[in-house]
Protein chains: 2
Amino acid sequence: MGTYSLETLKAFLNGLTPIRSETWQQLELLFSEVQLPKGRFFLEDGRKATQIGFLTDGVMRAFYRNREGVEYNKHFFVPGSFIGGYASLITGKPNQIWQQSLTDCRLLVTDFASFSALYDTAPDLERAARLLAERFFVQKEEREIELVLSDAQTRYELFQQQFPGLEQRIPQYHIASYLGVTPTQLSRIRRKMARR
Amino acid sequence: MGTYSLETLKAFLNGLTPIRSETWQQLELLFSEVQLPKGRFFLEDGRKATQIGFLTDGVMRAFYRNREGVEYNKHFFVPGSFIGGYASLITGKPNQIWQQSLTDCRLLVTDFASFSALYDTAPDLERAARLLAERFFVQKEEREIELVLSDAQTRYELFQQQFPGLEQRIPQYHIASYLGVTPTQLSRIRRKMARR
DNA sequence: GAAGAAAATTTACATAGGTAAAGAAATCAG
DNA sequence: CTGATTTCTTTACCTATGTAAATTTTCTTC
């Protein structure tokens, strides 16, 4: 089972760029499997991020929280995603984005410092890291475009396409927050859509 | 003058990670200086991006445009910034973000394919590219947080801090668009701020 | 399967901020 | 300089969506 998770991670990295077996041998020693029950935080606001995880099972969310405690969902993670306070890991500044399990989850976790220390001797891994950073950037930009150019109903339809089946697994208020509207408004949108 | 621009670029890259002189020798041959009069596009919607530029003089903006032709400014570029349709360059998909000079500009321009071809033989350059991608990601996330957690007046104040002096050089409607409000609303905010 | 909790919907009302258009101010070109 | 253009501000009006609270529905768990 742990082996299977590691295989998923290996396949993911190889999908970015071919990883040499020497590199992988070093890499797989770094990761350990962690169970995260529903509702737990992988990452909280205000402290420095130090770990990265690779989600192999379950659903998680990333969100911001304002002074008054209002939460804004920014992303859902499904199996096969890297999670972690990427900006905080890179800059060393306090983390601003919370990450929480919405179902029971399984993760492969490692210390980011150990991971990135390998870049010096493993150019294939540094390449993977570049491609991953680029992919993260593109994802953020695509989401930004979605938020700017689409109205709430279209965003809802896009959410349904991008996360098939997820709608059934998590509360609607989480989806509303992800769409940038209130549950009230999402309910109005759904009613309107159902009427035709 | 062209030499001076190249020095700026070199300093910028060295600020990311030390660049070997062999790498720089190859690199500087790739770039050529381009003048961009006010109002010209570096990049338009719908076609694939192929070039990157390094802005050495002037101000540019990046923006999205919806079906109806309404524009949404997402970023201003000041000297010392890389510009180009980064997402499109990476993915090969059609570009979605327009980039236009707001004043007369000077740029160092190169073909991205030639630039990235050097990664294979120049790990220092690939490292710079990784750090740049990470930096781009962090910038986007910080801006995202700003848009989510701050109201329009705070965003205006942040704009003034982040782009000192820029306010005087470009029309207010460009700033309003960057802040995500109408010129009407920015005017209301300014009036309110002036009253104390 | 009944009681309680959580989630979703609906309603009534309030309001921030949009649109449109007119007028004032500033800037530019000849 | 001066007329023309562009930019900025203001006003009036309107609508989408927020808030709050009540109601209904769905999900848990004992």
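Proteins come first, then strands; the chains are lettered A, B, ... in the order of their sequence lines, and each starts at number 1.
Side-chain atoms of Ser187(A) lie closest to dT9(C) of the nucleotides dT19(C), dT9(C), dT17(D). Out of dT9(C), dT11(D), dA7(C), the shortest distance to the side chain of Thr184(B) is found at dT11(D). Out of dC8(D), dA8(C), dT10(C), the shortest distance to the side chain of Pro171(A) is found at dA8(C). Set against dG18(D), dT10(C), dG18(C), the side chain of Arg188(A) has dG18(D) as its closest nucleotide.
Rounded to whole Å, atom P of dC8(D) lies 13 Å from atom CG of Leu179(B). dC8(D) atom P lies 10 Å from atom OH of Tyr156(B), rounded to whole Å. With rounding to whole Å, Ile189(A) atom CD1 is found 13 Å from dG18(D) atom C1'. The interatomic distance linking Arg191(A) (CZ) with dA16(D) (P) rounds to 14 Å, in whole Å. The NE2-C1' distance, from His174(A) to dA6(C), rounds to 12 Å in whole Å. Here the P atom of nucleotide dT10(C) and the NZ atom of Lys192(A) are 15 Å apart, to the nearest Å. Atom-to-atom, CG of Leu102(B) to P of dT7(D) comes out at 11 Å; the value is rounded to the nearest Å. We find that CD of Gln168(B) is positioned 11 Å from P of dT27(C), with the value rounded to whole Å.
Formation of a donor-acceptor pair under 3.5 Å by the Asn73(A) side chain with backbone atoms of His174(A) is found in this model. The backbone N or O of Asp104(B) sits nowhere less than 3.5 Å from a side-chain atom of Ser101(B) that would complete a donor-acceptor pair. In this structure a side-chain-to-backbone donor-acceptor pair under 3.5 Å is missing from Arg106(A) to Asp57(A).
Aromatic rings of Phe63(B) and Tyr72(B) (six-membered ring for Trp) have centroids beyond the 6.0 Å cut-off, not under it.
For the pair Arg155(B) and Val181(B), the minimum side-chain heavy-atom distance is below 4.5 Å.
Neither OP1 nor OP2 of dT26(D) sits under 4.0 Å from any side-chain N or O of Gln172(A). Using a 4.0 Å cut-off, some side-chain N or O of Thr182(B) falls inside it from OP1 or OP2 of dG18(C). Within the structure, a side-chain polar atom (N or O) of Arg190(A) is placed less than 4.0 Å from OP1 or OP2 of dT9(C).
Glu157(A) and Gln153(A) share a donor-acceptor pair across their side chains, judged by distance under 3.5 Å alone. Side-chain atoms of Tyr156(B) and Arg190(B) include a donor-acceptor pair closer than 3.5 Å.
The residue among Lys38(B) and Ala152(B) whose nearest nucleotide of DNA chain C lies closer to the 5′ end is Ala152(B). Mapped onto DNA chain C by nearest heavy atom, Ile170(A) and Gln185(B) fall at different nucleotides, with Ile170(A) at the one closer to the 5' end.
Across the helix from dG1(C)-dC30(D) to dG30(C)-dC1(D), the helix axis at one end is tilted relative to the axis at the other end by 60° (nearest 10 degrees, each axis from five pairs).
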